Amino acid sequence: MEIAKKVKIGLDETRVVILGGQILIGFQFRSVFQNAYDSVPQWSRYLDGLALLLMLSSLMLLVFPGLYQRIVEAGNISNRFFRLTGQVAELALAPFALSIGLDMAITCERIWGTAAAVAAGLLLMIVAAFF
């Protein structure tokens, strides 16, 4: 497969993950404005803020390759840019998985309690990291 097609596929994949990240960020911001947010324990609020920061950093990393190609590479495609796209996408998935796990733990804490919430959050984090 030629390098131009590989780069296009790589950029398309990051755009799909960007869409998922934007949806999750919307849910994270929305949770703060819920009536029950005041009854959430303080540590859950801090974890919610951390999860939001992790998702924002993941989104920032996922947007980077497209901007880099336009600005630095002047729209050109190279092997170096292809490697960069893969490395940045791989790096962005770590905070993405951590954020999803934290969100799951915060949500499950209200339903099942702390121990089950931690287990559910870790399980989802591991599954997200695996995929």
Side-chain angles (χ1 to χ4, degrees):
M1 185 181 307
E2 61 189 52
I3 191 72
K5 187 166 178 112
K6 287 181 181 180
V7 167
K8 183 185 179 327
I9 290 170
L11 290 175
D12 288 345
E13 291 295 324
T14 58
R15 289 181 187 118
V16 169
V17 179
I18 287 171
L19 178 60
Q22 288 173 330
I23 291 168
L24 290 171
I25 286 171
F27 282 123
Q28 288 173 329
F29 274 122
R30 187 171 183 251
S31 69
V32 175
F33 298 106
Q34 296 298 318
N35 292 335
Y37 192 74
D38 293 336
S39 66
V40 174
Q42 188 75 19
W43 62 271
S44 287
R45 292 185 212 168
Y46 289 136
L47 286 180
D48 190 40
L50 177 63
L52 180 61
L53 286 174
L54 286 168
M55 190 57 71
L56 287 171
S57 67
S58 177
L59 192 63
M60 177 192 65
L61 287 169
L62 289 168
V63 169
F64 174 74
L67 296 175
Y68 183 88
Q69 182 196 21
R70 294 242 183 222
I71 296 169
V72 176
E73 298 282 334
N76 297 321
I77 295 169
S78 65
N79 284 325
R80 182 175 67 111
F81 174 69
F82 174 67
R83 284 190 308 276
L84 176 81
T85 302
Q87 290 169 346
V88 169
E90 188 176 320
L91 181 64
L93 292 179
F96 195 91
L98 287 170
S99 179
I100 288 176
L102 286 172
D103 284 336
M104 176 63 85
I106 292 166
T107 303
C108 291
E109 193 271 330
R110 302 247 338 172
I111 301 167
W112 297 326
T114 305
V118 170
L122 285 174
L123 179 65
L124 184 61
M125 197 179 308
I126 290 168
V127 169
F130 177 75
F131 285 110

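Small disclaimer: the values here were computed from a predicted structure and weren't measured.
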I want to check something: taking the side chain as every heavy atom from C-beta on, are [X] and [Y] in contact at a cut-off of under 4.5 Å?
X      : Y     : value
Phe81  : Ile3  : no
Glu109 : Pro41 : yes
Tyr37  : Asp48 : yes
Met125 : Leu98 : yes
Phe29  : Leu52 : yes
Phe27  : Met55 : no

Joint hydrophobic cluster, [X] plus [Y], side-chain heavy atoms closer than 4.5 Å:
X      : Y      : value
Leu47  : Leu56  : no
Ile25  : Ile106 : no
Phe82  : Leu84  : yes
Leu123 : Met104 : no
Leu67  : Ile18  : yes

May I ask you to check whether over 12 heavy atoms, not counting those of Trp43, lie within 6.0 Å of atom CH2? yes
Assess whether atom CD of Glu90 is packed by more than 12 heavy atoms of other residues, nucleotides or ligands within 6.0 Å. no
Walk me through it: do Ser99 and Asp103 pass the test side chain to side chain contact (heavy atoms under 4.5 Å, CB included)?
CA-CA 6 Å; Ser99 179; Asp103 284 336; 3.9 Å; yes
Side-chain donor/acceptor pairs under 3.5 Å, residues 8-17, sequence neighbours excluded:
| from | atom 1 | to | atom 2 | distance (Å) |
| --- | --- | --- | --- | --- |
| Lys8 | NZ | Asp12 | OD2 | 2.8 |
| Asp12 | OD1 | Arg15 | NH1 | 3.1 |
| Thr14 | OG1 | Leu11 | O | 2.7 |

Considering non-hydrogen atoms only, spot the tightest contact between [X] and [Y] and give its length.
X      : Y      : answer
Ile77  : Gln69  : CG1-NE2, 3.5 Å
Leu102 : Ala51  : CB-CB, 3.9 Å
Ala92  : Pro95  : O-CD, 3.3 Å
Ala120 : Cys108 : CB-SG, 3.9 Å

Sequence neighbours excluded, the answer for salt bridge (Lys or Arg N to Asp or Glu O under 4.0 Å) partners of Arg83 is none
Sorted by chain and number, sequence neighbours left out, salt bridge (Lys or Arg N to Asp or Glu O under 4.0 Å) with Lys6 holds for none
Please check if the side chain of Ser58 supplies one atom and the backbone of Leu54 the other of a donor-acceptor pair under 3.5 Å.
no
CZ of Arg45 to CG of Leu50, rounded to nearest 0.5 Å, is 16.0 Å
To the nearest 0.5 Å, atom CG of Leu24 lies from atom CG of Leu19 at 9.5 Å
